[in-house]
Visitor: 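Sending over a structure as structure tokens; questions will come in a sec.
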Amino acid sequence: MIRAFGYNEFLFLLSAVQWTLMLSVIAFIGGGIVGLFVALGRTSDVKPLRLLATGYIQLFQGTPLLMQLFLVFFGATVIGIDMSPWVAAAVGLTLNTSAFLGEIWRGCIQSVPRGQWEAASSLGLRYPGLMRYVILPQAVKVAVPPTVGYLVQVIKGTSLAAIIGFVELTRAGQIVNNATFQPFLVFGIVAAIYFALCWPLSLLSQRLEARYAAPSR
Amino acid sequence: MALATEPTRNGIAPAMSADVVIRMEGVQKWYDQFQVLKDIDLEVHRGERIVICGPSGSGKSTLIRCINQLERHQKGRITVNGVELGPHHRQLDLVRREVGMVFQSFNLFPHLTVLENCMLAPLKVRGTTKAEAKATAMRYLERVRIPEQADKYPGQLSGGQQQRVAIARSLCMNPKVMLFDEPTSALDPEMVKEVLDTMIGLAEDGMTMLCVTHEMGFAKSVAHRVIFMDRGEIVEQNTPEEFFTAPKSERTRSFLGQILAH
């Protein structure tokens, strides 16, 4: 029988937000860590590393996120690992995020003028120190606005985890809709919640961009 | 080649000729098909000051950038301070920490203060203590006469001040040799003198210096030897007196004619 959309249904949607947020945070942190190595590989002087990182980025940017989630979820089963939708979504989103962040950060690293690398090298700094003390601190300044901006993509991307059965905001919307059969209302509210999460981040990204675009101190 | 005359300017003479800091033998370098360095032979003695000049594209910057391997050479041997530059990083590290370099565009680290710029390499490369690195940094900032700017960021300084900080930053590593790659070319005219004065001060202290520059006044008053390069070759080298008054090659004469004409 069809239920009416009431306060409880709304609360159910709201409580699903925590899973969307948690999945986003995991994808962002995991993707950030892996993405840093992808960016370093992409800007490396070592050709095999560069090719490997490029291939990785191409692979994840050139296929739909949904297919990546499917491949992780069903692929794990094929090789005999029983992976929960939760882990599969976290792994899939982490990999996907790392490829995109890696490519964004590659550009930020390369935006640091060549002279900075040369000055640091000529002072005797080797790659780890050169990166840590000279290049990355300058690249981070450039990287913050697009990275915050990309976080919006990550949050929206988590909605695809609904399809492999992970109950986050979108999946919760489907469940509520199946019971109430008020798709316009239910998905309108789901979309509004996504908007409430993403819009502040977009604004923040724009503000950061304006701030960092100002002449440096 | 042997020096035409024993350099004794300012009472500083390079010690015995065995005291070679940099030796380049048959060094060649290509960018794809284009040969930028053709069979370069050069010996730099301790305490010697050399000015390298030549038209743009003559390979003069590439030559000094090969000494600390910012550019790799493809043929020949480069020995710095007894260390031959080979494919192993350890050798490269040994060389780089003994060779200071000053760039045309300063290349100070914009996210660090002047003091932090000067302390970074001693701390992270030499592993000195913070107090020691700071003391050294302040000593050299005083020497280039800007200790009061220590806590500012490079962006807050004039070009001339930035270049003096860059010199101090290199000196903090206590280098055996200083390479200068057109250090005054990016400066407004009124700031050239303060940088040249700093370099002259270094020269008076007996620093071994290789300077790519078009400041012929500096060459005349400071250099033991002037080298003229054209199309990747060392065309002529001589004492400044001989070089400016009696250039041997036609290419040198025409180059000097162009830069001294105005």
Side-chain angles (χ1 to χ4, degrees), chain A residues 32 36-37 39-41 43-50 104-148 207-217, chain B residues 61 64-65 67-72 89-90 92-113 116-127 151-157 162 165-175 177-181 186:
Chain A
L36 178 62
F37 288 100
L40 292 177
T43 55
S44 168
D45 281 342
V46 185
K47 205 175 176 190
L49 278 181
R50 217 163 49 226
I104 291 172
W105 293 346
R106 170 200 62 83
C108 299
I109 289 172
Q110 287 177 341
S111 75
V112 177
R114 201 69 215 163
Q116 294 289 310
W117 300 67
E118 293 184 347
S121 312
S122 74
L123 284 166
L125 283 165
R126 290 172 64 169
Y127 184 81
L130 178 150
M131 270 294 165
R132 179 164 164 208
Y133 301 112
V134 178
I135 304 302
L136 291 182
Q138 297 185 58
V140 162
K141 260 182 91 167
V142 191
V144 169
T147 303
V148 173
R207 281 188 55 181
L208 289 170
E209 197 174 332
R211 198 172 103 200
Y212 288 137
S216 62
R217 17 177 205 202
Chain B
S61 284
I64 68 165
R65 288 161 60 88
I67 293 170
N68 66 354
Q69 294 284 285
L70 289 182
E71 308 273 358
R72 304 239 158 187
H89 278 291
R90 184 161 161 69
L92 187 53
D93 292 340
L94 283 176
V95 167
R96 281 180 173 166
R97 59 172 69 180
E98 305 302 337
V99 177
M101 188 166 210
V102 175
F103 300 85
Q104 180 177 349
S105 48
F106 327 137
N107 295 346
L108 292 176
F109 307 134
H111 61 298
L112 300 178
T113 64
E116 289 165 342
N117 263 276
C118 293
M119 289 168 62
L120 182 67
L123 283 175
K124 303 303 173 193
V125 179
R126 291 236 192 264
D151 294 322
K152 290 196 180 162
Y153 286 91
Q156 298 170 301
L157 305 185
Q162 288 192 51
V165 172
I167 293 171
R169 179 175 70 177
S170 278
L171 291 175
C172 285
M173 284 296 280
N174 196 17
V177 190
M178 285 286 284
L179 307 174
F180 292 86
D181 190 1

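Below, read A as the first sequence line, B as the second, and so on, with proteins coming before strands; counting in each chain starts at 1.
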Visitor: Pick one: which of B:Asn68, B:Ile67, B:Asn107 meets side-chain contact (heavy atoms from CB on, under 4.5 Å) with B:Met101?
Guide: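 By the side-chain contact (heavy atoms from CB on, under 4.5 Å) criterion, B:Met101 pairs with just one of B:Asn68, B:Ile67, B:Asn107: B:Asn68.
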
Visitor: Strictly by modelled atom types, are B:Asp151 and B:Thr113 linked by a side-chain donor-acceptor pair under 3.5 Å?
Guide: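 Result is no, nothing qualifies.
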
Visitor: Have A:Trp105 and A:Thr43 got a donor and an acceptor in their side chains that come within less than 3.5 Å?
Guide: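 No - no donor-acceptor pair under 3.5 Å links their side chains.
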
Visitor: Working to the nearest 0.5 Å, report the span between CG of B:Asn174 and CZ of B:Arg97.
Guide: 12.5 Å

Visitor: Does any backbone or side-chain atom of B:Phe109 lie under 4.5 Å from a heavy atom of chain A? Answer side chain, backbone, both or neither.
Guide: both

Visitor: Of all of A:Pro113, A:Ala120, A:Gly129, which one pairs up most often with chain B through heavy atoms under 4.5 Å apart?
Guide: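 So the answer, after comparing A:Pro113, A:Ala120, A:Gly129, is A:Ala120.
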
Visitor: Check whether B:Arg65 gets within reach of chain A through its side chain, its backbone, both or neither, counting any heavy atom under 4.5 Å.
Guide: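 Looking at B:Arg65, just its side chain touches chain A.
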
Visitor: Given a strict heavy-atom distance threshold of 4.5 Å, which part of B:Leu179 is in contact with chain A: side chain, backbone, both, or neither?
Guide: neither

